[in-house]
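Following: one structure in structure tokens, then a few remarks.
Because the structure is a prediction, the values reported are computed rather than measured.
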Amino acid sequence: ANRIQRLTTDHGRELGIRLPKESPDLRNGDVLFEEPGNIVVVEIESVDVLVIVPRTIGEALFAAHSLGNRHLPAQFFDLHSDIGNRYGGDAMVCQYDHTVQSFLDQHGVPYERAQRVMETPFRHAEHTH
């Protein structure tokens, strides 16, 4: 089955988008449609996230292990990425969660709450023990 999404452009035009099942996720800046004088470009909304920036590998392992039990989807960035470069090191980004924020505060792990456009959407992982 194809995924069909109804969207409205910033100019009020209604669009229906059908992507084959094997299609990759749409990314910020993807061009969906182009004709003379008219172009439709994907603009991903920002997400409320925690950008966690450990100072040491020990702090990184502790945070990743502790947060892994919450099964929150996370994305990882190194110094060569936009996010890693902005924060001066490796970073782990997860959707905002008040219990995670409390944990980070309690254990003194550096982080920043931010609104970020994530190139790849977060997936809620199905997981069993």
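In this structure, Leu79 is not a member of the same hydrophobic cluster as Tyr87, with clusters built from ILVMFWY side-chain heavy atoms closer than 4.5 Å. Criterion: ILVMFWY side-chain heavy atoms under 4.5 Å apart, direct or through other members. Under it, Val117 and Leu32 are part of a common hydrophobic cluster.
Residues passing the side chain to side chain contact (heavy atoms under 4.5 Å, CB included) test with Arg13 are Thr9, Leu15, Phe33, Asn38, sequence neighbours excluded. Residues passing the side chain to side chain contact (heavy atoms under 4.5 Å, CB included) test with Arg86 are Arg116, sequence neighbours excluded. Asp78 meets the side chain to side chain donor-acceptor pair (under 3.5 Å) test with no other residue; sequence neighbours excluded. With sequence neighbours excluded, the residues forming a side chain to side chain donor-acceptor pair (under 3.5 Å) with Tyr111 are Gln101, Asp105, listed by chain and number.
If you take CZ on Phe77 and CG on Asp82, they are separated by 9.0 Å, rounding to the nearest 0.5 Å. Here the SG-CG distance, from Cys94 to Leu50, works out to 5.0 Å after rounding to the nearest 0.5 Å. Put simply, CG on Asp97 and CZ on Phe103 are 12.0 Å apart, with the number rounded to the nearest 0.5 Å.
Residues Phe76 and Asp90 form no side-chain contact, since every pair of their non-hydrogen atoms from C-beta on lies 4.5 Å or further apart. Considering only heavy atoms from C-beta on, Val51 comes within 4.5 Å of Ile83 through its side chain. You'll find the side chain of Val53 stays beyond 4.5 Å of the side chain of Val109, heavy atoms only. Using a 4.5 Å heavy-atom threshold, the side chains of Leu7 and Ile17 count as touching.
Counting only residues at least two apart or on different chains, the salt bridge (charged side-chain N to carboxylate O under 4.0 Å, His left out) pairs with a member in residues 49-77 are Arg55-Glu59.
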Identify all side-chain donor-acceptor contacts of residues 39-49 below 3.5 Å with residues at least two apart in sequence or on another chain.
residue: Ser46; atom: OG; partner: Gln115; partner atom: OE1; Å: 3.2
residue: Asp48; atom: OD1; partner: Arg113; partner atom: NE; Å: 3.0
residue: Asp48; atom: OD2; partner: Arg113; partner atom: NE; Å: 3.3
residue: Asp48; atom: OD2; partner: Arg113; partner atom: NH2; Å: 2.6

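Pairing each heavy atom of Met92 with each of Leu67, the nearest pair is CE-CD1, 3.4 Å.
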